[in-house]
A.B. asks: 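Next up is a structure, given as structure tokens.
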Amino acid sequence: MKKVILIQYGELTTKKQNRNLFIQTLQNNINNSLKEENIKIITNRVRMFIEPNNEDRIPNIIEKLKNIFGIHRIVIAYKSDNNIESLKENILTIVKTIPFKTFKVETKRSNKNFPISSMEFSREIGGLILKNIPNISVDVHQPDYTVKIEIREEFSYIYGEIYEGAGGYPVGVAGKGILMLSGGIDSPVAGYMAMKRGIKIECLYFESPPHTSELAKKKVKDLVKELSKYQPNIKLHVINFTNIQENIYKNINPDYMITIMRRMMYRIGEEMIKKTNSYILINGESVGQVASQTLPSMCAINQVTNVPVIRPVACLDKLEIIEIAKKIGTYEISILPYEDCCTIFLPKHPVIHPVLEKCLEYEAKIDYNKMIKEAVETVETIKIDKSEEKKKYQF
Ligand code: ATP
Ligand code: MG
């Protein structure tokens, strides 16, 4: 029997007008992720079939498909001919490979020449399974396994193993956003959550050499590599933030240093949005986590831009964020000890209730427009893909 992989779409089926765009984007994303595999994709409005040239590759293909957003379920379907006896035999062979305690049978018959009605065929198959497999029973309401049979004109599909998909929308359908990516735990999780809603991301990292090291930058690159499981070929924009940070350090009241620094980051974020044709900023801020993430701080910082800022982890507990970070594979990289540009100039008493007038007064002391322009003009852009080799850290 030939095996095909059947993809059941996720939430996208609810979006009627956009359905074609969703399906096309999903198909492109699957093609990109499975570039090295030799596959053929056939789509229709309710699902997609992937036919691998080499069935031995199916486990690898399934592993990759599990990371692609927009997929609700992945089913291995077997193609059988429509001869009643061999169809029954094939169904039994497949069902025997699947562990379950309760089951039901569902038959869909688009081939009206098939001599047995759907109901009757389901009943016959149910009886056959009960007779041949011990210690199982029928449960029509909540079965462990639904034996699905589709009888078509030329062949039938029998559904076998089922895997949960990643859910969400295909990456790209929502447009593009800039993810402010530090080396910490929160921002990669924020990026993952944004991608899950269909946002294609480009990453923005602020470095301050020589105060921050090459290792800190490499850590961010490795985070991007990990995120590229969900979106192949992510761009990482590296902004040299040294001049701005040193100017802040020299000229600004220490309590306001972080507030002003983050205002500068947002300003640069907005410039990068224009440069990359993106719509929004995404970051890993979480309410109350640090002084710059109190509500008054968020207000004072956000005031520099009208661009929407999406904060996917804003209302999650740190433990919840950590749980996601572990699940998506970024946690182990994030906890490596390399310094971030926020931590090196950390004041003793960062303000938790910054006042906008003070921000403006302090900022007037530095010629930040010029510095921002220069930082954006000299941005270094790196394309990062999962297939890139991971170099070891040297301790
Ligand atoms: P994270 O765990 O993501 O580093 P955090 O709790 O350390 O977050 P902050 O350092 O205050 O919090 O940063 C808040 C957010 O600002 C980060 O989640 C990230 O989106 C962004 N950010 C901070 N530092 C940088 C940086 N060097 N480059 C790019 N973005 C940054
Ligand atoms: Mg951080």
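In each ligand, atom 1 is the first atom listed, and ligand 1 is the first ligand listed. All values below come from the heavy atoms of this structure, side chains included, with hydrogens, waters and symmetry mates left out.
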A.B. asks: Which bit of E207 is near ligand 1, meaning a heavy atom under 4.0 Å away: side chain, backbone, both or neither?
C.D. replies: neither
A.B. asks: Is it the side chain, the backbone, both or neither of L204 that has a heavy atom closer than 4.0 Å to ligand 1?
C.D. replies: backbone
A.B. asks: Whether R267 engages the ring of Y368 as a cation-pi pair (distance to the six-membered ring centre under 6.0 angstrom, angle to the ring normal within 45°) should be assessed.
C.D. replies: yes
A.B. asks: Is the shortest side-chain heavy-atom distance between Y256 and P354 below 4.5 Å?
C.D. replies: yes
A.B. asks: Counting heavy atoms only, which part of L179 comes closer than 4.0 Å to ligand 1: side chain, backbone, both or neither?
C.D. replies: neither
A.B. asks: Look at atom 2 (O) of ligand 1 and find which of I185, I258, I178 reaches it with the closest heavy atom.
C.D. replies: I185
A.B. asks: Is K79 paired with E154 through a side-chain N to carboxylate O contact shorter than 4.0 Å?
C.D. replies: no
A.B. asks: Report yes if some N/O of S182 lies less than 3.5 Å from some N/O of ligand 1; otherwise report no.
C.D. replies: yes
A.B. asks: Write down the atom of P209, the atom of T242, and the distance for their closest heavy-atom approach.
C.D. replies: O-OG1, 2.8 Å
A.B. asks: State plainly whether the residues E150 and R47 are in salt-bridge range, i.e. N to O under 4.0 Å.
C.D. replies: yes
A.B. asks: Need the ligand 1 atom indices (1-based, order shown) with element for anything under 4.0 Å from a heavy-atom of Q293.
C.D. replies: 9 (P), 11 (O), 12 (O), 13 (O), 14 (C)
A.B. asks: Count the heavy atoms of every other residue, nucleotide or ligand shown that sit under 6.0 Å from CD of E323, and state whether that count exceeds 12.
C.D. replies: no
A.B. asks: Is there a polar contact between ligand 1 and M180, counting only N or O atoms under 3.5 Å apart?
C.D. replies: yes
A.B. asks: With a cut-off of 4.0 Å, which atoms of ligand 1 are near a heavy atom of N283?
C.D. replies: 20 (O)
A.B. asks: Taking it one step at a time, do Q303 and R263 satisfy side-chain hydrogen bond (donor to acceptor under 3.5 Å, both in side chains)?
C.D. replies: CA-CA 8 Å; Q303 189 273 341; R263 284 166 60 93; 3.2 Å; yes
A.B. asks: Who's closest to atom 16 (O) of ligand 1 heavy-atom-wise, of E285, R262, H237, R311?
C.D. replies: R262
A.B. asks: So, regarding G284 and ligand 1 (criterion: nitrogen or oxygen to nitrogen or oxygen, under 3.5 Å), is there a contact or not?
C.D. replies: yes
A.B. asks: Select one of side chain, backbone, both or neither to describe which atoms of S292 lie under 4.0 Å from any atom of ligand 1, heavy atoms only.
C.D. replies: side chain
A.B. asks: Testing the basics here: between A375 and I239, what is the closest heavy-atom pair and its distance to 0.1 Å?
C.D. replies: O-CD1, 3.6 Å
A.B. asks: Which atoms from ligand 1 have a heavy atom of V290 less than 4.0 Å away?
C.D. replies: 11 (O)
